[in-house]
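In what follows, a structure is listed as structure tokens, so that the remarks can point back to it.
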Amino acid sequence: ERNREALAAGFPIQPIIKDVGEIYSRLLDHRPVIQGEIRYFIKEFEEKRGLRELRVLENLKSTIFETNELVLPKCEQAMHSSLNETFKRLQAANSMIQRVQEREHEARKLHEEKLLACEEKRVGHWEEFMKEQQNKQAEVDEEYRKAREHLKEQYSEMEKELAKYVSF
């Protein structure tokens, strides 16, 4: 400490240190300049931005008010009238579809009844045809039996006559 005091007392070091500090501040320490620029930028930004944002907020407020007071009720009214009309149309379409389905069901039922009647008719015709075939078969069998009997008689007569001629 003595050496430092001796150096400080013997040389005018204080002004040198002060000058070096000033030079350092001017050359290397830019904080005061930057702080001034920052303050200026913030001031300009806030003034310009504040007015612009205020105008934007006022415009938004008026747009929202206009929308709530004028546009929204018109939209609700249009929506309700359109929905009521659409609902009525849907009900009409639904009733039409139900009628079409009922007609289709009735037509299908009628068609099935006709098919059943035709089927019963065919079955009746088939049974009649089969009886007729059996009757014809019985007739043919009867004719065959009669023809066979007739041929048997004829051949037996022919044999008797032939037996007469053989005895000569």
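Quantities reported herein were computed from a predicted structural model and do not represent experimental measurements.
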Whether Arg145 and Glu142 form a salt bridge (side-chain N of Lys/Arg under 4.0 Å from carboxylate O of Asp/Glu) is what I want to check. yes
How long is the straight-line distance from NE2 of His111 back to CG of Leu116, given to the nearest 0.5 Å? 10.0 Å
Taking the side chain from Ser82 and the backbone from Met79, do they hold a donor-acceptor pair closer than 3.5 Å? no
Between Phe129 and His125, does the side chain to side chain contact (heavy atoms under 4.5 Å, CB included) criterion hold? Intermediate values first, please. CA-CA 6 Å; Phe129 173 75; His125 285 301; over 6 Å; no
Considering only NZ, NE, NH1 and NH2 on the basic side and carboxylate oxygens on the acidic side, decide whether Glu104 and Arg108 come within less than 4.0 Å. yes
Nearest-0.5 Å distance that lies between atom NZ in Lys152 and atom CD in Glu159: 12.0 Å
Hey, could you give me the CD/CD1 distance between Glu66 and Ile64, rounded to the nearest 0.5 Å? 11.5 Å
Return the CG to CD distance between Leu90 and Glu85, rounded to the nearest 0.5 Å. 11.0 Å
The salt bridge (charged side-chain N to carboxylate O under 4.0 Å, His left out) partners of Glu119 (sequence neighbours excluded) come to Arg122
Taking atom CD of Gln134 and atom NZ of Lys131, what is their separation to the nearest 0.5 Å? 9.0 Å
Intermediate values then yes/no, salt bridge (Lys or Arg N to Asp or Glu O under 4.0 Å), Glu113 and Lys109: CA-CA 6 Å; Glu113 288 174 359; Lys109 190 175 179 182; 5.0 Å; no
Say you draw a straight line from CZ of Arg148 to NE2 of His150; how long is it, rounded to the nearest 0.5 Å? 14.0 Å
Flag yes if more than 12 heavy atoms outside Gln77 fall under 6.0 Å of its CD atom; otherwise flag no. no
Is Leu151 reachable from Met158 through a run of I, L, V, M, F, W or Y residues, each pair having side-chain heavy atoms under 4.5 Å apart? yes
Side-chain heavy atoms of Leu57 within contact of Lys61, under 4.5 Å: no
